[in-house]
Amino acid sequence: MTDAQNGAGSGDGKRVPLPRTGPGLELPPARVPAGPDDGDDITGGMKTAYWAVHDGAAAKAGIREILAQLPRIVRQVGTLAWRADRRSTLAVAAFQLASAAMNAFGLVASVAVLHTLFASGPTPDKVRAALPELALVVVLLSLRALLETAVSSAEARLTPKIRTALETEFYRLASHVRLEAVEDPHWHDDIYRGADRGLYYARQIVGQIIALAAALLDLVATATVLGILHPLLILMLPLSVLPVGAAAVRAAKERFHSYMRWNALQRRVRTFSWILLDQDSAAEIRSNTAQDALLSEHARLTGKIADEDTRLGVRAARIHLAGRAAGGAGTGITYAVLCAMLIGGWIPLAVGAGAVLAIQSTHRSLTTVVNMAHMVYEHALWVSDLLKVEARCRSLLPRTGGTPAPDAVEEIRLDNVRFTYPDKDTAALDGISLTLRAGETVAFVGVNGSGKSTCSKLIAGLYDPTAGTVSWNGTDARSLDPVSLQRRVAMVLQDPVRYPFTALANITVSRGTLTDSAPEEAHRAAVASGADTVIAALPDTWKSLLSKRFADGQELSAGQWAKIAVARGIYKQGSVLLLDEPTASMDPRAEHAVYQAVLQGPRQTGQITVLISHRLASVVDCDRIYVFDSGKIIESGSHQELMAKQGEYAQMFTLQAAGYQVAPIGAEDV
């Protein structure tokens, strides 16, 4: 190998290696697009988001398919309404039917008025004779207004109850599913789709179905009146209303397609524009002076969005014009036939005038039916999806019942335990056996992904083993009530939950309450974890809100949150205390104080403490240390025993300790 290949020569004979290059890597191009090479199609390359899987479904479905599904949709929503409030559901149905009847009766009464006025030409006497019929029309219209008000009032009582029932059940189920289900990315998409879209449209669909039912009933009522006036008028009705309906269907499809494209455009912009506003990226953007580059890409994309808005607006105007033209032609034909019937003496003038009123009413009702049917069809997909998600959550709930977990834990034993995550081929734990005894402090150490945290979650009852057994005082944990078992375990994680409540609530939540506390125990937990100094520095100490979402809310650093989380775990006073890298974000002094408190300070009598840590100096004083590797325990013993073995633990400890050793001044590399 030559110097050019191996490195450049130097005066002391040492060689400086050349920069490493990837095998066969070519030079990059001088210019590339900032995102997908979209050309004219800016939506190309955009993946459908989990919350948009049903968007535009009505635009793809035919009117026959939509109408065929409407009975099922009405039954589904009607069932939800019936469960939420039977009285209001019955009231909505009854008032809506009565309102449609008032519409039909009002139309018949209007024809009677016209017949009285124009049978032989209007005269003062005939006007006076028509006054009772005019009064009847006014009464019927007033009754319909009252009935529509009653429908709205009943709907106002019904809809919130449906929303509350659905939301309560949804969040109850979602918050109780087994942990391994929550960690499945497919479940994550399903549950957030249900929360974002399913619950949103479930709140709207009741009113939409009521509006659809009202339009359908009005359509039936006016068609019935036309049949009563003259049977031939029923045959004429399609000439007038079908073009209007066809135009409404076309317009509805275009609106959905337009929304889908516009939504994709907006998502494309948001994929990067949020960086301009994000606090975490602010420093790097400014140090790289990248603002102009990002703004240039933003201007390019928003320019395309503006062009798309213009195209959609022009397209919508043309469709609207075509629809009005088609509807006008159909209406013209209808009126021409109506005139022919009047001239031929088939119907009197009053009936013709009544037919005009009925046809106009039918136009309005049909347009409403088409528009509402499209919305109900698509929104019902989201509601059905929500109900499917809830059904899936029910199948993923942990087991119920069983023997209560023991108050005092003498021994926890894992016998040949295996655990494999869903959709994974490799076991996270492969034949783990260990014993934890009351009063002991135990450490789990090993590289990332070795199975330490998974093992702790099996001990906590958050997972059931795929094979083998986890037993508490000799009883298989699978026969214990999972809720009571989890109440015996306090877990402190590396990334704790930052509850947007008071400082005190962030500690007491470990016992299942946000409002009540045991003051002396909360104070002891705060002092032991070092959280007392954090809380004392807050404006309202224990009552301070720990979220910037609230006025005067406080924001804590990662290290301060870690102290709050340790206090939370200590306050729970569980029979088992699991600490999974709880001090990773603390400064050295705070970390030392926490470990002193947890490992050497006063603890609950008989408590088993399990510490998971990469910093091996913190586990030296533990009674026993388990070394994990690839889902197996490869070593166990005290610190002194493991150091004497000169195995994996000794190598890791020596390597970390060497990082703190400073070479003597003047020492040179040998």
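The stretch residues 549-559 participates, sequence neighbours left out, in these side-chain hydrogen bond (donor to acceptor under 3.5 Å, both in side chains) pairs: Ser557-Gln560. Applying the ring pair (Phe, Tyr, Trp, His ring centres under 6.0 Å) rule to pairs touching residues 384-438 yields Phe419-Tyr421, Phe419-Tyr463, Tyr421-Tyr463, sequence neighbours excluded. For residues 500-536, no pair satisfies ring pair (Phe, Tyr, Trp, His ring centres under 6.0 Å), with sequence neighbours left out.
Of the possible polar contacts, none joining the Lys543 side chain to the Leu504 backbone as a donor-acceptor pair under 3.5 Å is found. Listed for the Glu648 side chain is no donor-acceptor partner under 3.5 Å among the backbone atoms of Glu635. The backbone N or O of Gly468 sits nowhere less than 3.5 Å from a side-chain atom of Asn416 that would complete a donor-acceptor pair. Using modelled atom types, one side-chain atom of Arg624 and one backbone atom of Thr435 make a donor-acceptor pair closer than 3.5 Å. With Asp580 contributing its side chain and Ile612 its backbone, the two residues share no donor-acceptor pair below 3.5 Å. A donor-acceptor pair is defined here as one N or O able to donate and one able to accept, closer than 3.5 Å; no such pair exists between the side chain of Ser547 and the backbone of Phe550. Ser510 contributes a side-chain N or O that, together with a main-chain N or O of Arg568, makes up a donor-acceptor pair within less than 3.5 Å. Looking at Tyr571, its side chain does come within 3.5 Å of a backbone N or O of Ala518 through a donor-acceptor pair. Between the Thr654 side chain and the Gln651 main chain, no donor and acceptor come within less than 3.5 Å of each other. Remark: the backbone N or O of Ser453 is paired with a side-chain donor or acceptor of Ser456 at under 3.5 angstrom.
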* Please walk me through it: do Leu462 and Gln486 pass side chain to side chain contact (heavy atoms under 4.5 Å, CB included)? -> CA-CA 8 Å; Leu462 298 176; Gln486 289 159 15; 4.1 Å; yes
* To do: Take Phe628 and Ile633 through the side chain to side chain contact (heavy atoms under 4.5 Å, CB included) test and state the conclusion after the steps.
  => CA-CA 5 Å; Phe628 285 72; Ile633 295 176; 4.0 Å; yes
* Dump the intermediate steps for side chain to side chain contact (heavy atoms under 4.5 Å, CB included) on Leu80 and Val383, then the final yes or no. => CA-CA 11 Å; Leu80 294 175; Val383 176; 4.2 Å; yes
* **Check against side chain to side chain contact (heavy atoms under 4.5 Å, CB included), Trp561 and Asn506** => CA-CA 10 Å; Trp561 273 114; Asn506 267 274; 3.3 Å; yes
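His639 is listed as a side-chain neighbour of Tyr649, based on a closest heavy-atom distance under 4.5 Å. You'll find the side chain of Arg418 reaches within 4.5 Å of the side chain of Asp430, heavy atoms only. For the pair Thr502/Asp540, no side-chain contact is recorded, criterion being any heavy-atom separation below 4.5 Å from C-beta on. Using a 4.5 Å heavy-atom cutoff, the side chains of Ile459 and Val489 are not in contact. Considering only heavy atoms from C-beta on, Val610 stays 4.5 Å or farther from Tyr626 through its side chain. Counting heavy atoms from C-beta on, the side chains of Arg488 and Asp407 come closer than 4.5 Å. Using a 4.5 Å heavy-atom cutoff, the side chains of Ile625 and Phe653 are not in contact. Put simply, the side chain of Cys393 reaches to within 4.5 Å of the side chain of Ile191, judged on heavy atoms.
Remark: Arg524 engages no residue in a side-chain hydrogen bond (donor to acceptor under 3.5 Å, both in side chains) (not counting sequence neighbours). Partners of Lys388 under the salt bridge (Lys or Arg N to Asp or Glu O under 4.0 Å) rule, at least two apart in sequence or in another chain, do not exist in this structure. Applying the side-chain hydrogen bond (donor to acceptor under 3.5 Å, both in side chains) rule to Glu169 yields the partners Arg172, Arg394; only residues at least two apart in sequence or on another chain are considered. For His176, the side-chain hydrogen bond (donor to acceptor under 3.5 Å, both in side chains) criterion is met by no residue, not counting sequence neighbours. Taking the salt bridge (Lys or Arg N to Asp or Glu O under 4.0 Å) definition, one finds that Arg498 meets it with nothing, sequence neighbours left out. In this structure, Arg163 has no salt bridge (Lys or Arg N to Asp or Glu O under 4.0 Å) partners at least two apart in sequence or on a different chain. Arg511 pairs by the salt bridge (Lys or Arg N to Asp or Glu O under 4.0 Å) definition with Glu521, not counting sequence neighbours. Applying the side-chain hydrogen bond (donor to acceptor under 3.5 Å, both in side chains) criterion to Ser613, with sequence neighbours excluded, gives Ser618.
Minimum heavy-atom separation, Leu396 to Ala181: CD1-CB, 3.6 Å.
Heavy atoms from other residues, nucleotides or ligands lying under 6.0 Å from CZ of Arg615 number more than 12.
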Using distance only, find each side-chain donor-acceptor pair of residues 397-406 under 3.5 Å and give its atom names and separation, not counting sequence neighbours.
from	atom 1	to	atom 2	distance (Å)
Arg399	NE	Arg478	O	2.8
Arg399	NH1	Asp464	OD1	3.1
Arg399	NH1	Asp464	OD2	2.8
Arg399	NH2	Ala477	O	2.8

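With no hydrogens or angles considered, no side-chain donor-acceptor pair links Asp476 and Thr469 at under 3.5 Å.
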